[in-house]
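Step one of this worksheet: look at the structure below.
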Amino acid sequence: MPKVYFIDVTNRDGVQTARLGLSKLEKTMINIYLNEMGVFQSEFGFPTTRHESNYLQANLELADMGVLQPIRLQGWIRATVTDVETAFSLVPKIRHLNLSISTSDQMINGKFLGRKTRDDIVKMMVDAVEAARAHGAESIGVNAEDASRTDMDFLVKFAMAAKEHGAQRFRYCDTLGYDSPFTIYAAIKVLAENVGIPIETHCHGDLGMAVANSVAGAKGAIDGGQDVYINTTINGIGERAGNADLVATILAVTKSKGFAEKYQLGNPIDLTQAWKIARFASYAFKVPICINHPGVGANAFAHSSGIHADGVLKDPHNYELYSFNEVGRGEPETVETGREICSGEYSGISGFRHIMGKMAGETAVPFKNAKEAEEILELVRYANVEAQKPLVEDELLFIAKYPQIAKKLLTLKPPE
Ligand SMILES: [Zn+2]
């Protein structure tokens with residue numbers, strides 16, 4: 001039986017969202033949290049974008065060191081030979097790529113303005129796949145942008161060409177959130193059956209169906225005999241109305257009626273990391289988690305009305321589908337209400353020592369001497385310049401533990 005995997009695209013679709021962004025250290029923390037959670041792959045950024053190069057290379061180094069293992073780090077580029085060449089020249093160690101090109105007539109005509117035909121699109125994609133293979137790419141995914149508005153026969157032909165030239169996966173992008181669970185199920189089943197290639201679902205929330213469409217698309221792929229790789233973002237942050245939310249989609253796949261019994265995960269997901277990753281992304285993006293967000297919203301386990309409160313107190317199963325412990329909630333959290341010393345771009349050694357000392361315990365990284373403390377503090381200052389808000393404990397510990405990697409992440413040098 002084919003399986004369900006998760007590919008999180010927060011570090012690509014999430015960060016390209018209007019008004020929102022993440023520092024390179026925040027992107028790195030997200031890769032670390034996704035890895036801890038058991039997510040198969042992180043679409044970790046843009047290998048053709050120069051200011052990403054140091055971050056991408058530093059994260060590939062973390063993978064070599066075993067810190068970012070077993071998660072797969074994959075870059076996103078356009079399906080052109082030029083982009084492939086640029087990606088491998090800026091990030092020579094990149095091994096996993098997704099190549100994206102528009103496939104609908106709307107976009108072929110509306111973006112290329114009559115300069116490209118459907119055949120040209122297939123050729124551009126095939127040339128890009130061949131170039132990526134020639135450069136040593138170990139895995140290649142081909143993305144059909146606007147797949148949901150693409151003629152189905154052409155989509156099958158396009159996916160078949162991708163497979164024949166060595167792509168391992170085909171991404172069905174419902175770029176505008178146009179599908180419903182019924183249409184995406186049918187389309188993806190046809191692709192799975194006729195092309196015989198593992199499918200990625202990439203769903204957006206313009207009509208409020210991103211999670212539902214992801215689950216229906218997953219069912220279509222598996223019923224068609226293929227593994228499925230569901231694209232998600234943390235807290236659903238993504239272009240316009242956003243993407244399929246990571247936590248909600250995992251909950252839907254593992255808890256919804258009839259689904260979990262029949263369709264299984266390819267690798268175990270640690271759902272107890274949900275609370276931590278959702279909270280971190282909310283802090284990093286500066287976007288609050290909705291009060292009614294599945295699993296991680298403030299009201300997800302709150303009850304006040306008489307009948308509900310009485311029922312849940314007698315037996316939580318009366319009004320809760322799953323327990324708060326399962327999504328990593330329930331631990332007491334300390335909120336500072338008095339004096340607070342925070343990290344900042346103008347922090348000094350005394351305040352910094354105070355902050356690091358306060359998190360003493362098994363997680364603390366002791367400094368060897370004053371020089372080392374000064375060096376770490378300097379990196380923390382730079383990290384604060386980028387983040388423009390106090391760093392969280394895990395970020396401070398990361399810098400203290402991997403100063404050389406942090407230094408690379410924080411090196412932003414425009415080309416001469
Ligand atoms: Zn997208």
Side-chain angles (χ1 to χ4, degrees), residues 5-22 27 30-31 34 39-49 52 73-80 83 96-104 106-108 110-111 121 125 140-150 155 158-159 162 167 169-181 183-184 187-188 191 199-218 221 228-250 281 285 287:
Y5 298 86
F6 289 91
I7 292 178
D8 190 83
V9 300
T10 305
N11 279 335
R12 199 276 299 171
D13 219 326
V15 297
Q16 74 180 52
T17 305
R19 304 176 217 276
L20 302 179
L22 296 174
K27 292 184 79 169
I30 281 178
N31 293 330
L34 290 170
V39 169
F40 172 78
Q41 177 171 300
S42 171
E43 188 151 285
F44 75 145
F46 302 86
T48 55
T49 302
E52 290 268 269
L73 301 174
Q74 159 261 315
W76 184 98
I77 57 175
R78 292 172 301 180
T80 67
D83 266 23
H96 306 285
L97 284 173
N98 266 58
L99 314 174
S100 185
I101 194 161
S102 315
T103 52
S104 67
Q106 164 65 45
M107 285 201 180
I108 296 173
K111 287 164 83 168
I121 296 295
M125 177 274 291
I140 300 167
V142 165
N143 305 355
E145 189 189 26
D146 207 14
S148 48
R149 292 193 297 177
T150 301
L155 201 58
F158 176 86
R169 286 196 310 273
F170 174 76
R171 177 177 295 181
Y172 177 98
C173 302
D174 182 19
T175 307
L176 270 69
Y178 175 51
D179 264 315
S180 76
T183 55
I184 196 170
I188 289 187
L191 284 161
I199 310 270
E200 293 185 27
T201 62
H202 183 91
C203 300
H204 278 272
D206 300 71
L207 299 177
M209 292 188 282
V211 173
N213 286 345
S214 301
V215 175
V228 68
Y229 294 77
I230 300 178
N231 289 192
T232 61
T233 62
I234 307 163
N235 301 339
I237 297 286
E239 290 277 12
R240 307 179 312 280
N243 295 55
D245 170 56
L246 172 71
V247 172
T249 311
I250 296 171
F285 276 119
V287 176

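When a ligand or atom number is given, it counts from 1 through the structure's own listing order. Just so it is clear, the model here is predicted, and its values are computed rather than measured. When reading the values below, keep in mind they use all heavy atoms of this one structure, side chains included, and skip hydrogens, waters and symmetry mates.
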Can you classify the ring geometry of Y229 versus Y5 as parallel (below 30°), tilted (30 to 60°) or perpendicular (above 60°)? parallel

Under 3.5 Å, is there a donor-acceptor pair between the Q74 and R169 side chains? no

All side-chain hydrogen bond (donor to acceptor under 3.5 Å, both in side chains) counterparts of S148, not counting sequence neighbours: D174

Mind checking side-chain contact (heavy atoms from CB on, under 4.5 Å) for L176 and listing every partner two or more places apart, or none if nothing turns up? M107, D146, R149

Under 3.5 Å, is there a donor-acceptor pair between the D8 and T232 side chains? yes

For D245, side-chain hydrogen bond (donor to acceptor under 3.5 Å, both in side chains) partners two or more places apart: H293

List-wise, which protein N, O or S atoms are found short of 2.8 Å from the Zn ion (ligand 1)? D13 OD2, H202 NE2, H204 NE2

